[in-house]
Amino acid sequence: MSLPRACTMNILAELRSRFEPVLTEWTDAPSSVIEMLKASQDAKFGDYQANFAMPLAAGIPDLKPRELASQIVEKVDLSDFCEPLEVAGPGFINIRLKQDWLNTQTQNLVADERLGVKPAESPQKVIVDFSAPNVAKPMHVGHLRSTVIGDANYRVLKFLGHDVVGDNHIGDWGTQFGMIIFGYKHFLNQECFKQNPVHELARLYRLVNQLSDYHATQTKIPRQQAEIEQLTDKLKTREGSADLTNKKIQKEVKKLKSDLAERKSELQEMQEKQTLLEQNEDLHSKATAFPDIARQAREETARLHAGDADNLELWKQFLPQCLDAIQTVYDRLDIHFDMSLGESYYNPMLADVVADLKERGLAEESQGAICVFIDGFKSPFMIQKQDGAFTYATTDLATIKYRVEELKADRVLYVVDSRQSEHFQLLFATVKEWGYADLELQHVSFGSVLGENKRPLKTRAGDNVGLESLLDESIQRAYAIVVENDEAKPDGPELSETERRQISEVVGLGGIKYADLKHNRDSDYMFDWDKMLANRGDTATYMQYAYARVCGIFRKGQIDRIALRDQQAALSLVDASERALALQINRYSEILESVAIEARPNYLTNYLFELSNLFSTFYNNCPVLKAEQEEVKTSRLLLCDLTARVIEHGLSLLGIKTCERM
RNA sequence: GCGCCCGUAGCUCAGCUGGAUAGAGCAACGGACUUCUAAUCCGUAGGUCAGUGGUUCGAAUCCACUCGGGCGUACCA
């Protein structure tokens, strides 16, 4: 279907562009205050409100904010689409859209396949760097946020008309590969490898990691014990001799106590871990046989990087298999990349990067390593280690160079854990000095996924929760809900087994993604199955259900949606719930703009939840098929159609699917 | 030690970068199904926005300090 492009507008943008020139009479920089024109928080203050009269008046002697607001109101002509403007309170300007205009505007959306969203006027080349798993380790819940948030931002930017490249910067060259190679050479189970190579490689990685960890902990324990003794002594002297009424001392004692408790619990944890391994005869004998396993694994990595034929051969053999395994997860999640240039791709460029930075005097030697020191930062940005190996900092720099020079990037989004924020600050600062000052770099950081204990989500054994098993469980739980709901329908079950399975998948995967996206990405959030798949509340299911209800109306009424749109029938918003719904639909483009600027998909989830809620209210208040007059029925059908389109489209930008019936 | 982030209803979280009486969702209580799907809607109750001070017409939001929590901090990525 191809619809003609109708005359639609971004209302907020339009209002701002009408006000902005008028404001020049009172300020040199109207653009700095124009953002104070925004959607009203409360419908009683109109549809939009402008708050800039107050700050503007503050800079002008003898001018009261209310007076200034009145003067602005006189100068701005919005009579073509707004009711007369009102000045309220200390100087707010309240804006209400004309009913007729809103009718027409909404009607225009019917014929607009982009739902009122105009492509960007100056499209950028944007690289979205997201997901970035390590090939050595199976994907776990920690990869969920980067993947899902990255994908949503990717889709939104693309829809807004930017030239977007989704790049999966896979960890395929790091230390973990040395571990696999070492494991392969010493602990391989041929049979398992034949049957499921990726599984066996993952086991080898875990094994080598575990053994290295064992020895590292072994040396750490005496140190920890010594520290505990030291702290205990210090605490004794403080508590004994000093003046305990002194606030400073009190504070110190408190700190010592909490430190001590922390160290002790750490020690206990270490000891338990060691005992656990020692109880396993197989593991223990392996650990004894390879006391220097960590160094040996590092050497395998070094050999790989140096081009050792055997290791390179192994790497070439493992990599495609690992990538295939990762790909199956992406397929399930419906995530796509335009390119997957892993760390290994940049390997040949790293030496030049270091040489270049040294030549420009940006990098210098320090304690045997090559570092960039940035003003205001204590930690160095290390680009080459003592042993000559490059770091991920080097790779990141090479990647930026490549993205600017080869891909012609204007903007790069790094969808990466907030714990790496210092790394990105250093990276961005270095890049700026390196000469890529025009490049827009943004660390799209996000918090952790927590379990019920408010600690990062782990299995009971303390391992990371595998991503695949997480998806499986979600779909399984969704299935139970789908079945239960279908069985409870007034006229008996409606869905076939196949449909039930399909719906479970859409609901289960949607639930996981939505739960992740609805939170402000900066904050940690608590993973909770029940909330995620709940029938009610702010969940993907709620929106999917609203969508399915609209589909139900069209199915029952045997109405062809395309034909309905082509009728070009009049849309008339009478009931308050119709008006509120239509206004929300008209705001779609505003929301997407804000998502794109701040890379915050939660603005969109929030919008869609409100939209679905407004629809449900409308649905309860306004009969559609049973409307008394034919024009009312048609008008409401148009509104239903638009609602469903926005929900479906909005969810699709979040990577979430919908079903015709549930 | 230094740096970054956080503290909002019983619980989980929003709060659009300084605006009007701080909002949702759960949970609680009360209403609405001979009805286009009740996986719904409507209503009630629930707050010292951790604390103190400051900036101004106006602060959950900005600044300083205090208390409490998380994370990072030279050869892992």
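Everything numeric here is computed off the predicted structure, so don't read it as measured data. Every chain is numbered from 1 and lettered A, B, ... according to where its sequence line falls, protein lines coming before strand lines.
A search for side-chain hydrogen bond (donor to acceptor under 3.5 Å, both in side chains) contacts involving A/Ser265 returns nothing, not counting sequence neighbours. By the salt bridge (Lys or Arg N to Asp or Glu O under 4.0 Å) test, A/Asp575 pairs with no residue at all, sequence neighbours left out. When the salt bridge (Lys or Arg N to Asp or Glu O under 4.0 Å) test is applied to A/Lys137, no partner is found at least two apart in sequence or on another chain. For A/Asp516, the salt bridge (Lys or Arg N to Asp or Glu O under 4.0 Å) test picks out A/Arg145, with sequence neighbours left out. Evaluation of the side-chain hydrogen bond (donor to acceptor under 3.5 Å, both in side chains) rule for A/Arg419 yields A/Asp417 as partners, not counting sequence neighbours.
Between the side chain of A/Thr539 and the base of B/rA39, no donor-acceptor pair under 3.5 Å is found. Between the side chain of A/Asp42 and the base of B/rA22, no donor-acceptor pair of N or O atoms lies under 3.5 Å.
OP1 or OP2 of B/rC71 lies within a sub-4.0 Å distance of a side-chain N or O belonging to A/Arg455. Neither OP1 nor OP2 of B/rU37 sits under 4.0 Å from any side-chain N or O of A/Lys489. For A/Thr617 and B/rC42, the shortest distance from a side-chain N or O to OP1 or OP2 is below 4.0 Å. Regarding contacts with the backbone of B/rC36, every side-chain N or O of A/Arg555 stays at 4.0 angstrom or more from both OP1 and OP2. Contact annotation: A/Asn620 does not reach the phosphate of B/rC41 (side-chain N/O to OP1 or OP2, under 4.0 Å). Taking 4.0 angstrom as the limit, A/Lys44 places none of its side-chain polar atoms (N or O) nearer than this to OP1 or OP2 of B/rU21.
For the strand RNA chain B, secondary-structure stems (runs of at least three Watson-Crick or G-U pairs, all distances below 3.5 Å) span B:1-7 with B:67-73, B:10-13 with B:23-26, B:28-32 with B:40-44, B:50-54 with B:62-66.
Among the atoms of the strands shown, none is found under 4.0 Å from any heavy atom of A/Gly171. Contacts of A/Cys371 with the nucleic acid, taken as non-hydrogen atoms under 4.0 Å apart, include base atoms. Residue A/Asn134 is out of contact with every strand shown, counting any heavy-atom pair closer than 4.0 Å. Across all strands, A/Pro490 comes closer than 4.0 Å to no nucleic acid atom at all (heavy-atom distances).
Comparing B/rG19, B/rC41, B/rC36 by their nearest atom to the side chain of A/Leu625 picks out B/rC36. With B/rU37, B/rU40, B/rC36 as the candidates, the nucleotide lying closest to the side chain of A/Arg536 is B/rU40. Closest to the side chain of A/Ile553, from the set B/rC36, B/rG1, B/rU40, is B/rC36. Side-chain atoms of A/Arg549 lie closest to B/rU40 of the nucleotides B/rG1, B/rC36, B/rU40.
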Between A/Asn602 and A/Arg521, does the side chain to side chain donor-acceptor pair (under 3.5 Å) criterion hold? Intermediate values first, please.
CA-CA 8 Å; A/Asn602 68 311; A/Arg521 59 177 166 76; over 6 Å; no

Report the C-alpha distance between A/Tyr414 and A/Gln420 in whole Å, list the side-chain angles of each, state the deciding distance to 0.1 Å, and finish with yes or no for side chain to side chain donor-acceptor pair (under 3.5 Å).
CA-CA 11 Å; A/Tyr414 292 89; A/Gln420 292 190 36; over 6 Å; no

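In this entry the distance linking CD of A/Glu227 with P of B/rG1 reads 15 Å, nearest Å. Spacing between atom CZ of A/Phe381 and atom P of B/rC76 amounts to 16 Å, rounded to whole angstrom units. Computed from coordinates, the A/Ile374 CD1 to B/rA74 P distance equals 17 Å when rounded to whole Å. The distance from atom NZ of A/Lys626 to atom C1' of B/rU35 is 5 Å, rounded to the nearest whole Å.
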Just by protein heavy atoms under 4.0 Å, how would nucleotides 6-15 of chain B read 5' to 3' in B, S and -?
------SSSS

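Atom name P, nucleotides B/rC4 and B/rU44: the rounded distance is 44 Å, in whole Å. B/rG1 and B/rC63 have their C1' atoms separated by 24 Å, with the value rounded to a whole Å. Rounded to the nearest Å, the gap between the C1' atom of B/rA45 and that of B/rG25 is 16 Å. Here, B/rU21 and B/rG47 have their C1' atoms 13 Å apart, quoted to the whole Å. Between B/rU12 and B/rA38, the two C1' atoms lie 25 Å apart (nearest whole Å). Comparing the same atom, P, in B/rG15 and in B/rA9 gives a spacing of 15 Å after rounding to whole Å. As rounded to the nearest Å, B/rA50 and B/rA74 have P atoms that lie 32 Å from one another. Between B/rC33 and B/rA24, the distance separating the two C1' atoms is 26 Å to the nearest Å.
Donor-acceptor pairing under 3.5 Å is recorded for the side chains of A/Tyr514 and A/Asp538.
Projected onto RNA chain B by closest heavy-atom contact, A/Phe373 and A/Met36 fall at different nucleotides, the more 5' of which corresponds to A/Met36. Place A/Asn94 and A/Ser366 on RNA chain B by their nearest nucleotides, and A/Asn94 ends up nearer the 5' end.
Residues A/Tyr525 and A/Lys518 form no side-chain contact, since every pair of their non-hydrogen atoms from C-beta on lies 4.5 Å or further apart.
Residue pairs meeting the side-chain hydrogen bond (donor to acceptor under 3.5 Å, both in side chains) criterion with at least one partner in residues 366-377 of chain A, sequence neighbours excluded, are absent.
Only A/Gln49, A/Asn51, listed by number, bring a heavy atom of residues 46-53 of chain A to less than 4.0 angstrom from any atom of RNA chain B. Residues of residues 417-425 of chain A that place a heavy atom closer than 4.0 Å to RNA chain B, in numerical order, are A/Arg419, A/Gln420, A/Glu422.
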Contacts under 3.5 angstrom, residues 167-177 of chain A side chains, donor-acceptor by atom type, not counting sequence neighbours:
unit_1   : atom_1 : unit_2   : atom_2 : d
A/Asp167 : OD1    : A/Leu341 : N      : 3.3
A/Asp167 : OD2    : A/Arg403 : NH2    : 2.8
A/Asn168 : OD1    : A/Ala132 : N      : 2.8
A/Asn168 : ND2    : A/Tyr330 : OH     : 3.0
A/Asp172 : OD1    : A/Glu343 : N      : 3.1
A/Asp172 : OD1    : A/Ser344 : N      : 2.8
A/Asp172 : OD1    : A/Ser344 : OG     : 3.4
A/Asp172 : OD2    : A/Ser344 : OG     : 2.7
A/Trp173 : NE1    : A/His305 : NE2    : 3.2
A/Trp173 : NE1    : A/Asn347 : OD1    : 3.2
A/Gln176 : NE2    : A/Asn134 : OD1    : 3.0
A/Gln176 : NE2    : A/Gly171 : O      : 3.1

Ignoring hydrogens and angles, write down the donor-acceptor pairs under 3.5 Å from the side chains of residues 57-66 of chain A, residues two or more places apart or on other chains.
unit_1  : atom_1 : unit_2  : atom_2 : d
A/Arg66 : NH1    : A/Gly89 : O      : 2.8
A/Arg66 : NH2    : A/Val87 : O      : 3.4

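Annotation: cation-pi pair A/Arg587/A/Tyr48 present, NZ/CZ under 6.0 Å from the ring centroid and within 45° of its normal. Judged by the 6.0 Å distance and 45° axis criteria, A/Arg549 is not positioned over the aromatic ring of A/Phe615.
Close placement of the A/His423 and A/Tyr392 rings is indicated, their centers lying within 6.0 Å of each other.
Heavy atoms of other residues, nucleotides or ligands lying less than 6.0 angstrom from CD of A/Glu86 number 12 at most.
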